[in-house]
Amino acid sequence: MLIMIGSGWRIYNESPLFPFIIPFEITLGHEFPGALLWHFAAMWLLVVNGIVYLALGILTGRFRRKYFPIRPREAVADFGAALRGHLSHDDLAVYNAVQKLFYVGAIVAGIVVILSGFSIWKPVQFQELTALFGGYDAARYVHFFAMAAIVIFLIVHIALAALVPKTLRAMLRGR
Ligand code: HEM
């Protein structure tokens with residue numbers, strides 16, 4: 001993801017969609033062609049990882065167990081508790097409703113960024129997919145906004161995990 005974001009930002013700078021560019025110091029790929037090479041190399045890593053992750057999550061029932069159901073009332077209550085710093089972190093294996101919502105949202109954003117990526121990478125070969133996003137130009141915007149959602153998720157996620165340090169350890173070790 002970090003390679004995709006860094007190289008994507010360098011690609012964006014070549015033909016910005018908005019009246020700003022990303023500081024070159026935090027982009028990846030040096031020159032534009034280099035950034036494209038990074039983007040198209042790392043995408044395989046991401047897609048293969050993503051397929052394994054989704055397959056395991058679905059087949060082992062982990063997604064169903066951990067992420068569902070998500071009840072709107074609980075999400076609102078947990079969000080309020082999170083803002084007041086009152087959320088319980090006793091059992092890290094049980095996600096609160098806000099976590100569930102964010103994690104499912106991040107997975108959806110990941111799927112959208114990959115599908116919109118394919119539709120701007122090969123708009124002729126994947127023309128049905130590109131049409132689904134409203135055409136090439138619209139798919140570029142979708143690609144960008146999905147990236148932005150992932151970046152916001154990463155920032156909030158890492159900041160919150162840093163507040164409860166044992167979660168960082170659990171994230172890296174998987175238990
Ligand atoms: C299979 C996965 C992906 C493919 C095939 C793909 C493909 C592409 C292509 C072809 C472009 C160039 C668009 C243009 O010419 O304007 C691009 C740009 C970009 N990509 Fe990806 N991408 C993928 C995943 C990602 C991911 C995971 C991220 C970040 C989370 C990302 C972030 C960006 C950004 C920020 C741009 C620049 C947006 C623009 O100006 O159009 N991409 N991507």
Side-chain angles (χ1 to χ4, degrees), residues 1-60 62-63 66-68 70 75 95 98-163 167-168 170-172 174:
M1 271 302 179
L2 292 180
I3 296 175
M4 298 308 281
I5 293 167
S7 56
W9 285 353
R10 180 63 186 84
I11 299 171
Y12 167 88
N13 281 355
E14 203 63 16
S15 158
L17 291 166
F18 303 100
F20 65 82
I21 60 164
I22 316 280
F24 280 88
E25 298 74 32
I26 57 167
T27 66
L28 177 72
H30 190 51
E31 296 290 338
F32 174 62
L36 278 179
L37 291 180
W38 274 106
H39 214 65
F40 294 140
M43 82 179 188
W44 298 110
L45 196 64
L46 180 70
V47 168
V48 171
N49 262 287
I51 290 172
V52 172
Y53 172 73
L54 287 181
L56 282 179
I58 293 168
L59 296 178
T60 60
R62 180 187 160 86
F63 285 169
K66 293 259 190 181
Y67 298 152
F68 296 102
I70 304 175
Y95 297 150
V98 179
Q99 274 179 305
K100 291 179 185 174
L101 208 61
F102 269 95
Y103 295 163
V104 172
I107 293 173
V108 171
I111 294 172
V112 170
V113 85
I114 288 176
L115 292 182
S116 58
F118 277 127
S119 67
I120 51 181
W121 177 41
K122 299 275 180 206
V124 176
Q125 289 84 343
F126 297 121
Q127 49 188 282
E128 290 81 9
L129 190 63
T130 312
L132 207 66
F133 284 111
Y136 179 88
D137 290 318
R140 259 193 86 185
Y141 282 97
V142 173
H143 199 61
F144 188 91
F145 285 121
M147 174 279 298
I150 290 169
V151 170
I152 291 169
F153 169 80
L154 280 177
I155 292 172
V156 174
H157 187 54
I158 293 169
L160 289 182
L163 287 179
T167 54
L168 275 179
M171 274 155 69
L172 294 173

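Side chains are part of it too, since the values below use all heavy atoms of this structure and drop only hydrogens, waters and symmetry mates. Remember, it's a predicted structure, so these values are computed and weren't measured experimentally. One-based numbering, in listed order, for ligands and for the atoms of each.
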- request: Tell me, yes or no, whether the heavy-atom count around F63 atom CZ, taken from other residues, nucleotides or ligands under 6.0 Å, exceeds 12.
  value: yes
statement: closest protein heavy atom to atom 37 (C) of ligand 1 is G8 O, 3.2 Å
query: In terms of residue, atom name and distance, what is the protein heavy atom nearest to atom 12 (C) of ligand 1?
result: I11 CG2, 3.8 Å
query: Does the separation of the ring centres of H143 and F133 fall below 6.0 angstrom?
result: no
- request: Could you tell me the residue and atom name of the protein heavy atom closest to atom 7 (C) of ligand 1, and the distance to it rounded to 0.1 Å?
  value: G117 O, 3.5 Å
- request: Could you tell me the residue and atom name of the protein heavy atom closest to atom 15 (O) of ligand 1, and the distance to it rounded to 0.1 Å?
  value: Y136 OH, 3.3 Å
Atom 19 (C) of ligand 1 [closest protein heavy-atom partner, distance rounded to 0.1 Å]: H143 CD2, 3.3 Å
Ligand 1 contact on L46 by region, counting heavy-atom pairs under 4.0 Å: side chain
- line: Looking only at protein heavy atoms, what sits closest to atom 8 (C) of ligand 1 is H39 CD2, 3.5 Å
Centroid-centroid under 6.0 Å between F18 and F145 rings: yes
- line: ligand 1 to V47, heavy atom cutoff 4.0 Å, flagged ligand atoms 1 (C)
query: Under 4.0 Å from any heavy atom of V113, which atoms of ligand 1 are there?
result: 26 (C), 27 (C), 28 (C)
statement: The answer for which part of V151 has a heavy atom under 4.0 Å from ligand 1 is neither
field: Distance in Å, T27 OG1 paired with I5 CD1, rounded so as to fall on 0.5 Å steps
entry: 13.0 Å
Under 3.5 Å donor-acceptor, T130 side chain and S119 backbone: yes
query: Should you measure from each heavy atom of M1, which atoms of ligand 1 turn up under 4.0 Å away?
result: 27 (C), 30 (C)
message: Looking only at the aromatic ring of each residue, does the gap between the centers of Y67 and F102 stay below 6.0 angstrom?
response: no
Pair F24 + W9: ring centers closer than 6.0 Å: no
message: What protein heavy atom lies closest to atom 16 (O) of ligand 1? Include the residue and the distance to one decimal.
response: R140 NE, 3.0 Å
field: Aromatic ring pairing W44/W121, orientation class (parallel under 30°, perpendicular over 60°, tilted between)
entry: perpendicular
field: Lys NZ or Arg CZ of K100 over Y95 ring: under 6.0 Å, within 45°
entry: no
- prompt: Which residue holds the protein heavy atom closest to atom 11 (C) of ligand 1, what is that atom called, and what is the gap in Å?
  reply: I120 CD1, 3.7 Å
